[in-house]
Amino acid sequence: MPELPEVETIRQGLLPLVVGRTVVEASVSPEAPRLVAWPPRADDLCRGLAGQRIEGVGRRGKYLLFALADGRTWVVHLRMTGVLVYRPQGCGGGRFLRASFRLDNGASLCFADLRKMGRMWLVDDPAQVVGKLGPEPLSEGFTAADLGRLLARRSAPVKAVLLDQGAIAGIGNIYADEALFEARVHPRRPASSLSGEEVRRLHKAVGLTLVRAMGDRGSSFDHYVDARGEKGSHHLNVKVFRRTDEACFECGSLIQRIKVAGRSTHFCPQCQV
DNA sequence: CTTATTCCCTGATTGC
DNA sequence: TGCAATCAGGGAATAA
């Protein structure tokens, strides 16, 4: 499940490989009829990409944004099992290959996706896709006070707010659990019940958690690989995520798994209150 | 406006 | 051994 640290690792990996390159040919498998969310016809996305030079690779939340020479933006979201890899020799086959984008140096960007939940768009303005996202948690402008204001008007569990992309962009199930452990806050606490001190702790914890994960080039619990097809290593360094019934590194209590906001949630019943 | 629930997808896992 | 049910989870859609 690529979240902010994984998508950012992919972005940084793609940057030196594709910026300045031109897409020669794009193709989308008829087996993936929902992959192209816009334009309505996948063929129009392929035709629109062909001949376009890639001017930059950006990221907003969990979305990758490819700036094209004609001013339009190719937007890619990997959802659960999507993988976007740069292959110098082209994509070849592969059972889960859903789309391929051949570049002017003979290499290809290959989009594989076991569960077919990934989406892509070709739009005039990226805001058409990412316009409703909340602030970037790692931006300078996102302060503890901002987080406090966000949480203050929500009665939902604090974890549900962390997962809400319209509240904060880029946090998914792994890093919500990890940040809440880091902040010593119980995932079921109503968001508005956090004290000022707890809000400051959570703000710091979110940043620390995401930066650490990027330092490990992301977590490869399942399918995630970076732009060159390499796994990350942060799944070896998590404190609670998928550590059910294992000892808390802080206090030795057994990590518990519960459901919060419809998502499996891992926490230490001793450390997190 | 909010929150909760369902659906999409398919391989892996669990239960009988 | 086989087969069905369940689970994983991001985000859109829908319900309340």
Side-chain angles (χ1 to χ4, degrees), chain A residues 1-8 10 28-38 40 42 59-65 75-84 94-99 111-121 123 126-134 136-137 149-180 187-193 210 213 218-225 232 234-235 238 240-245 255-267:
Chain A
M1 334 133 224
E3 306 181 19
L4 187 155
E6 287 77 25
V7 178
E8 179 61 20
I10 294 169
V28 172
S29 164
E31 306 289 304
R34 310 175 71 108
L35 170 57
V36 176
W38 192 266
R59 180 193 58 76
R60 186 75 172 84
K62 305 173 192 172
Y63 295 79
L64 279 169
L65 309 170
V75 184
V76 178
H77 195 301
L78 303 171
R79 293 275 191 103
M80 299 292 300
T81 56
V83 162
L84 189 63
R95 188 172 165 200
F96 304 120
L97 185 70
R98 310 300 185 194
F111 181 84
D113 189 9
L114 184 150
R115 287 184 219 173
K116 300 182 180 174
M117 286 181 167
R119 296 289 180 269
M120 55 183 68
W121 300 255
V123 290
Q128 292 170 248
V129 180
V130 299
K132 288 170 296 181
L133 293 178
E136 285 291 320
R149 275 188 289 277
L150 214 59
L151 298 176
R153 51 183 154 85
R154 304 284 295 264
S155 64
V158 59
K159 174 164 174 179
V161 180
L162 289 182
L163 291 175
D164 180 351
Q165 302 302 299
I168 310 163
I171 300 173
N173 212 29
I174 300 170
Y175 302 113
D177 282 5
E178 292 297 304
L180 286 165
R188 279 203 174 126
R189 286 274 302 283
S192 56
S193 76
L210 297 174
S219 303
S220 292
F221 283 98
D222 297 306
H223 302 79
Y224 165 73
V225 290
H234 195 67
H235 55 289
V238 292
V240 292
F241 189 76
R242 292 200 188 167
R243 294 194 63 246
T244 313
D245 292 334
I255 302 302
Q256 285 187 8
R257 194 177 103 162
I258 58 175
K259 283 267 184 201
V260 179
R263 298 285 177 249
S264 66
T265 297
H266 314 74
F267 74 106

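In this structure, S155(A) reaches the sugar-phosphate backbone alone: every heavy-atom distance under 4.0 Å involves primed, P, OP1 or OP2 atoms, never a base. K259(A) comes within contact range of the sugar-phosphate backbone alone, with a heavy-atom separation under 4.0 Å but no base atom that close. Heavy atoms of F96(A) sit under 4.0 angstrom from primed sugar atoms or phosphate atoms, though from no base atom. Across all strands shown, M80(A) has heavy atoms under 4.0 Å from base atoms, whether or not it also approaches the sugar-phosphate. Looking at heavy-atom distances under 4.0 Å, R119(A) makes no contact with the nucleic acid at all. F241(A) comes within 4.0 angstrom of sugar-phosphate atoms only, judged by non-hydrogen atoms across all strands, and of no base. Within the nucleic acid shown, R242(A) comes within 4.0 Å of sugar-phosphate atoms alone, with no base atom in reach, counting heavy atoms only.
Distance from the side chain of Y63(A) is smallest for dG11(C) among the nucleotides dC8(B), dA8(C), dG11(C). You'll find that the side chain of L114(A) is closest to dG11(B), out of dG11(C), dG9(C), dG11(B). Side-chain atoms of N173(A) lie closest to dG10(C) of the nucleotides dC9(B), dT3(B), dG10(C). Among the nucleotides dT2(B), dA8(C), dG11(C), the one closest to any side-chain atom of K62(A) is dG11(C).
Of the side-chain N and O atoms in K132(A), none sit less than 4.0 angstrom from OP1 or OP2 of dA12(C). Residue R263(A) places at least one side-chain N or O closer than 4.0 Å to OP1 or OP2 of dG10(C). In terms of phosphate contacts, K116(A) brings no side-chain nitrogen or oxygen within less than 4.0 Å of OP1 or OP2 of dC8(B). Residue R257(A) has a polar side-chain atom (N or O) positioned under 4.0 Å from OP1 or OP2 of dA8(C). Taking 4.0 angstrom as the limit, R95(A) places a side-chain polar atom (N or O) nearer than this to OP1 or OP2 of dG11(B). Phosphate contact (OP1/OP2 of dG10(C), side-chain N/O of H77(A), threshold under 4.0 Å): absent. Contact between the side-chain N/O atoms of T81(A) and the OP1/OP2 oxygens of dG9(C) is not found at any separation under 4.0 Å.
Judged by distance alone, the side chain of R34(A) and the main-chain N or O of V36(A) form no donor-acceptor pair under 3.5 Å.
Between Y63(A) and H77(A), the two ring planes are perpendicular [angle over 60°; tilted spans 30° to 60°].
One interatomic measurement links the two molecules: CE of M117(A) to P of dC7(B), which rounds to 13 Å at whole-angstrom precision. We find that CD1 of I174(A) is positioned 8 Å from P of dG10(C), with the value rounded to whole Å.
Checked for salt-bridge contact, R98(A) and E31(A) miss the test: no charged N lies under 4.0 Å from a carboxylate O.
The salt bridge (charged side-chain N to carboxylate O under 4.0 Å, His left out) with D164(A) is formed by just one residue from the set K132(A), R154(A), K159(A); it is R154(A). Exactly one of I168(A), L150(A), D177(A) qualifies for a side-chain contact (heavy atoms from CB on, under 4.5 Å) with L162(A). That residue is I168(A).
Residue-to-nucleotide proximity on DNA chain B shows that, of R34(A) and P157(A), the 5′-proximal contact is made by P157(A).
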